[in-house]
Amino acid sequence: MRSSHSISDSPLGNEVHYPTRYDPNVLFAIERAPNRTHLTLPENWLGEDIWYAYELSWLNEKGKPIVAIGRFSFPWHSPFLVESKSFKLYLNSLNETHFAAQEDVKTLLVRDLSALTQSEVDVQLYLLEHYEGPRAQPLEGTCIDQLDVAITHYQPAPELLTCNAEQGTRTETLVSHLLKSNCPVTGQPDWGTVQISYTGTAIDHAALLRYIVSFRKHTEFHEHCVERIYHDLMQRCQPEELFVMARYTRRGGLDINPWRSNYVKAVPNQRTERQ
C-alpha cells in the first residue's frame, strides 16, 4: 500500500502492471488535508464516501468464480482517501484468488482498506443470487433542471449563490442531474446527480442551478467537489442544517457517492437511474 502527497505518483493516467493474484500493494492513498486547507469546514460534521463496485469476483476453494456487488463506506474524517484506479487494480487482483468463504473476502477488504485510509471502513458484499443490495430509484427532492436559466460560468462561482430572505426560513430538498466535473489527472468527465437538503433562508433555485453547472470545466476529485459545494453553500447561505450528496456515474466498474452534513441523516442504500 502506498500513500503520497502527489497524485502524479499514482496509477491514474499511467501504464501499470495488472496483478493476476491478490496484491494490496497496488492500493494508493491520497491525503485529504491539502484540499481542505482552501475551505472553511465545520469542526463537527458528518459524512461518508460510499463506493459501489460492480466488477467484483473471486474463486471458491474448488476454483469456481463467485461474483458480487461491493459497497464500501469510507468515513469523512479518514486522513486518506483511496485513488480509484488503484482500487480497481486491487479488486481485480482478487479475480484469480481462492477464498474459503465470502466472509474471508470481506475480512480481507476491511483490513486492507482500513489500513490504507487509517480509518475504519465498512464493507458489504451482495451476492447476485440473493441480491439485497441497492436498487435504482430517483433521489428524493424537487428537480430544478427545468428552470430556464442563462449560463455564463463553467468554473466554480460561489458568488452566483443567492438567498431570498423575504421568503423566510425553508426546509427543502433539491436535486440536479447537471453536475459535471473532470478528473484532475486524466481530464475525463465525471457525471453526477447532486442532492441538497437544508433548513434556513430560502435558496434561490435558479442561482443554485447556475452554481451547480459552474463545475462543468472544474478539475477535482468527487469527494473534493462535494466538500467545495458544502463549503460554498454554508458560507453564502448559512443554513441551520445542510446536507450535500453527489452520486456519480460509474467508471471502471466503480461509482463514488460522497455526502457531507452538519446533522444526522439516514442515507438510503440506493442507486440513481444513471447508476
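Positions are given from 1, in the same order as the sequence printed here. Just so it is clear, the structure is predicted and the values come from calculations on it, not from any experiment.
Y22 and D112 form a side-chain donor-acceptor contact under 3.5 Å, judged by distance and modelled atom types alone. No hydrogens or angles considered: a donor-acceptor pair under 3.5 Å links the side chains of Q275 and N257. Side-chain N/O atoms of D23 and Y18 include no donor and acceptor closer than 3.5 Å. With 3.5 Å as the limit, one finds no donor-acceptor pair spanning the side chains of N95 and S57.
Judged by distance alone, the side chain of K217 and the main-chain N or O of Q155 form no donor-acceptor pair under 3.5 Å. S86 contributes a side-chain N or O that, together with a main-chain N or O of E83, makes up a donor-acceptor pair within less than 3.5 Å. Of the possible donor and acceptor atoms, one in the side chain of H231 sits under 3.5 Å from a partner among the backbone N and O of T40. In terms of modelled atom types and a separation under 3.5 Å, the side chain of R71 and the main chain of I50 share no donor-acceptor contact. Formation of a donor-acceptor pair under 3.5 Å by the T117 side chain with backbone atoms of S78 is not found in this model. A donor-acceptor distance shorter than 3.5 angstrom exists from the side chain of S114 to the backbone of S119, with no hydrogens or angles considered. Between the side chain of Q270 and the backbone N or O of Q137, at least one donor-acceptor pair lies under 3.5 Å. A donor-acceptor pair is defined here as one N or O able to donate and one able to accept, closer than 3.5 Å; no such pair exists between the side chain of Q118 and the backbone of F80. R236 contributes a side-chain N or O that, together with a main-chain N or O of P158, makes up a donor-acceptor pair within less than 3.5 Å. Not a single donor-acceptor pair under 3.5 Å links the side chain of N164 to the backbone N or O of Q167.
Atom CD of E43 has 12 or fewer neighbouring heavy atoms from other residues, nucleotides or ligands inside a 6.0 Å radius.
In this structure, H224 and F221 have perpendicular ring planes: the angle between them is above 60°, well past the 30° mark.
Between R228 and F215 the shortest side-chain heavy-atom distance falls below 4.5 Å. In this structure, the side chains of I66 and V105 stay at 4.5 Å or more apart for every pair of heavy atoms. Looking at E223 and W76, their side chains never come closer than 4.5 Å, going by heavy atoms from C-beta outward. Taking 4.5 Å as the limit, every side-chain heavy atom of S84 sits out of range of all side-chain heavy atoms of R251. When side chains are defined from C-beta on, P239 counts as touching M234, because their heavy atoms get closer than 4.5 Å.
Checked options E172, E241, E240; the residue passing with Y198 is E172 (criterion: side chain to side chain donor-acceptor pair (under 3.5 Å)). In summary, of the residues considered (Y90, F87, F72), a ring pair (Phe, Tyr, Trp, His ring centres under 6.0 Å) with W51 occurs for F87 alone. Exactly one of I212, V194, L208 qualifies for a side chain to side chain contact (heavy atoms under 4.5 Å, CB included) with L174. That residue is L208.
In terms of heavy-atom proximity, H205 sits nearest to R170 at NE2-NH1, 3.8 Å. Residues I144 and L209 share a closest heavy-atom pair of O-CD2, 3.3 Å. Of all the heavy atoms in A206 and L147, the pair that sits closest is N-CD1, 3.7 Å. Across every non-hydrogen atom of K88 and G252, the tightest pair is CD-O, 3.6 Å. Shown here for E140 and V175, the closest heavy-atom pair between the two residues is O-CG2, 3.3 Å. Taking all atoms of both residues into account, the shortest heavy-atom contact from S93 to P19 is CB-CG, 3.7 Å.
Cluster membership check: V26 shares its hydrophobic cluster with V110, using side-chain heavy-atom separations under 4.5 Å among Ile, Leu, Val, Met, Phe, Trp and Tyr. Hydrophobic clustering, with ILVMFWY side chains joined whenever heavy atoms are under 4.5 angstrom apart, groups Y230 together with Y248. Hydrophobic clustering of Ile, Leu, Val, Met, Phe, Trp and Tyr side chains at less than 4.5 Å, counting indirect connections, unites L178 with V244.
Taking A100 as the reference, E61, D104 meet the side chain to side chain contact (heavy atoms under 4.5 Å, CB included) condition, with sequence neighbours excluded. Residues forming a side chain to side chain contact (heavy atoms under 4.5 Å, CB included) with R250 (at least two apart in sequence, or on another chain): Y54, D255, R271.
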Inset, instruction - Run the numbers on S73 and E48 for side chain to side chain donor-acceptor pair (under 3.5 Å), then give the verdict. - result: CA-CA 6 Å; S73 175; E48 297 173 284; 2.4 Å; yes
Inset, instruction - Show the numbers, then the answer: is there a side chain to side chain donor-acceptor pair (under 3.5 Å) between T219 and N182? - result: CA-CA 5 Å; T219 57; N182 302 289; over 6 Å; no
Legend entry - Residue pair T173, F243: steps toward the side chain to side chain contact (heavy atoms under 4.5 Å, CB included) verdict: CA-CA 9 Å; T173 299; F243 170 89; over 6 Å; no
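Note on D122 versus K106: no salt bridge recorded, every NZ/NE/NH1/NH2 to OD/OE distance being 4.0 Å or above.
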